[in-house]
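This report concerns only the one structure given below.
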Amino acid sequence: MKKNYILSFLLALAFLPMQAQVTVTVDPDATWVGFMSVTNLPAPQGDGAFQFDSGWGVPDLVAEVNAGSDITLKPNRINDSNIYWNSPGELRGNKYMSASSFVEENDNMALTGQEITFTGDITAFTLNSTGIDVPFTVEAFVKKFAAGFVLLEEVYTTITGTGTFSVTSTDTNPDGIIIQYGFLVRGANINIDAAFNTDYDNLGSVVAEPFPLSNEEFDTSEFNVSPNPTKNTWNIESNQVIIGVEVFDILGKRVMNLKPNTEEVNLDASQLINGVYFARIESVNGTKTMKLVKN
């Protein structure tokens with residue numbers, strides 16, 4: 001039924017000037033998620049056989065998220081001296097690591113069914129493979145999934161130096177309700193032995209910072225809605241003047257229409273039945289859509 005609801009909503013709003021493409025950037029203040037895929041080293045060092053994949057601590061990827069500043073990506077270094085991971089006396093570990101650090105958006109109607117561009121500014125690129133026979137690589141990506149993490153699309157771009165990067169997902173399937181955007185660092189793990197600390201530091205890192213978005217591009221921090229879910233009132237706060245707010249139910253019927261011209265709006269939900277709603281918010285920066293829940 002969820003698929004039909006979303007399609008009904010999109011059809012009901014087809015006459016509205018919804019944006020067809022949105023841009024997101026590196027956000028060190030967002031919640032970042034870690035995921036690791038482990039294989040044996042590729043030939044001739046190993047057989048390349050898959051070992052496992054699982055959720056992974058972001059700092060252990062290694063990805064350092066510095067709130068309000070940047071994200072620093074480094075080669076992986078497992079905090080385990082077991083022979084499975086490391087050979088005594090060797091800088092290079094025994095496994096090939098594919099480390100993903102990303103932001104995940106679920107059921108975000110501002111992103112669902114849209115072209116999405118992930119962009120940012122690489123302010124430092126010192127990553128190198130000195131002394132390692134398996135080169136390190138770093139990529140930026142956007143992935144879209146249907147419910148149950150059924151992959152619909154994944155796109156990557158390789159980062160090779162400083163400057164602006166961007167990667168665009170062109171899939172506009174409304175079933176793509178789970179969106180991930182972030183970075184993938186591939187390469188061998190590095191021996192955790194303290195004797196290799198200097199060698200590890202010499203392998204360098206990649207530093208990614210936000211790229212300033214223009215007024216017409218999507219900014220995940222422009223609006224804040226609380227409480228959400230609510231029983232009585234949604235309070236919308238913005239760092240821009242809110243020109244208009246229209247609220248639609250799941251079938252696309254408009255249930256509210258306000259012209260506040262303020263930076264804060266209170267939406268009275270007390271007369272609405274429990275369920276999911278969508279607020280179309282018009283500010284001086286453009287139009288955004290946010291999901292609201294009444295319970």
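Nothing here was measured: the structure is a model prediction, and the numbers come from that model.
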Are [X] and [Y] grouped together when hydrophobic residues (ILVMFWY) are joined by side-chain heavy atoms under 4.5 angstrom apart?
X	Y	result
Met256	Val225	yes
Ile132	Phe196	yes
Val103	Val58	yes
Val265	Leu272	yes
Val206	Tyr200	yes

Short question: side chain of [X], backbone of [Y] - any donor-acceptor pair under 3.5 Å?
X	Y	value
Thr126	Ser205	yes
Asn261	Val241	no
Lys144	Gly176	no
Asn202	Asn128	no
Thr119	Thr25	no
Glu153	Asp171	yes
Asn106	Ile178	no
Asp60	Ile78	no
Tyr84	Lys95	no
Trp32	Asp27	yes

Which heavy atom in [X] sits nearest to a heavy atom in [Y], and how many Å separate them?
X	Y	result
Ala195	Asp199	O-OD2, 4.0 Å
Ser169	Val142	CB-CG1, 3.7 Å
Ser129	Pro135	OG-CA, 3.2 Å
Lys294	Ala269	NZ-O, 3.0 Å
Ala208	Val26	O-CG1, 4.0 Å
Pro75	Leu203	CG-CB, 4.1 Å

Steps toward side-chain contact (heavy atoms from CB on, under 4.5 Å) verdict (Gln45, Tyr96): CA-CA 10 Å; Gln45 298 89 351; Tyr96 188 79; over 6 Å; no
Identified side chain to side chain donor-acceptor pair (under 3.5 Å) partner of Arg77 from the options Asn191, Asn197, Asn189: Asn197
Can you find a pair of side-chain heavy atoms, one from [X] and one from [Y], that are under 4.5 Å apart?
X	Y	result
Trp234	Asn228	yes
Lys259	Ile243	no
Ser37	Phe50	yes
Gln51	Asn40	yes
Gln114	Ile179	no
Asp193	Asn86	no
Val22	Glu115	no

What distance separates [X] [atom1] from [Y] [atom2], expressed to the nearest 0.5 Å?
X	Y	atom1	atom2	value
Leu127	Lys74	CG	NZ	11.5 Å
Leu267	Thr230	CG	OG1	9.5 Å
Arg186	Leu184	CZ	CG	4.5 Å
Glu209	Asp121	CD	CG	6.5 Å
Asn79	Asn76	CG	CG	10.5 Å
Leu111	Ile177	CG	CD1	12.5 Å

Heavy atoms from other residues, nucleotides or ligands near CG of Asn257 exceed 12 (cutoff 6.0 Å): yes
Ile83, CD1 atom: more than 12 neighbouring heavy atoms under 6.0 Å: yes
Trp85 and Phe52 aromatic ring geometry - parallel, tilted or perpendicular at 30°/60° bounds: perpendicular
Derivation and outcome, side-chain contact (heavy atoms from CB on, under 4.5 Å), residues Thr164 and Ser166: CA-CA 7 Å; Thr164 302; Ser166 66; 5.5 Å; no
Qualifying residue, where the test is ring-ring contact (aromatic ring centres under 6.0 Å, His included) with Phe183 and the options are Phe35, Phe118, Phe102: Phe118
Worked check of side-chain contact (heavy atoms from CB on, under 4.5 Å) between Val155 and Thr168: CA-CA 7 Å; Val155 288; Thr168 299; over 6 Å; no
Phe165 ring center near Phe125 ring center (under 6.0 Å): no
Worked verdict on Phe145 versus Val150 for side-chain contact (heavy atoms from CB on, under 4.5 Å): CA-CA 5 Å; Phe145 302 86; Val150 176; 5.9 Å; no
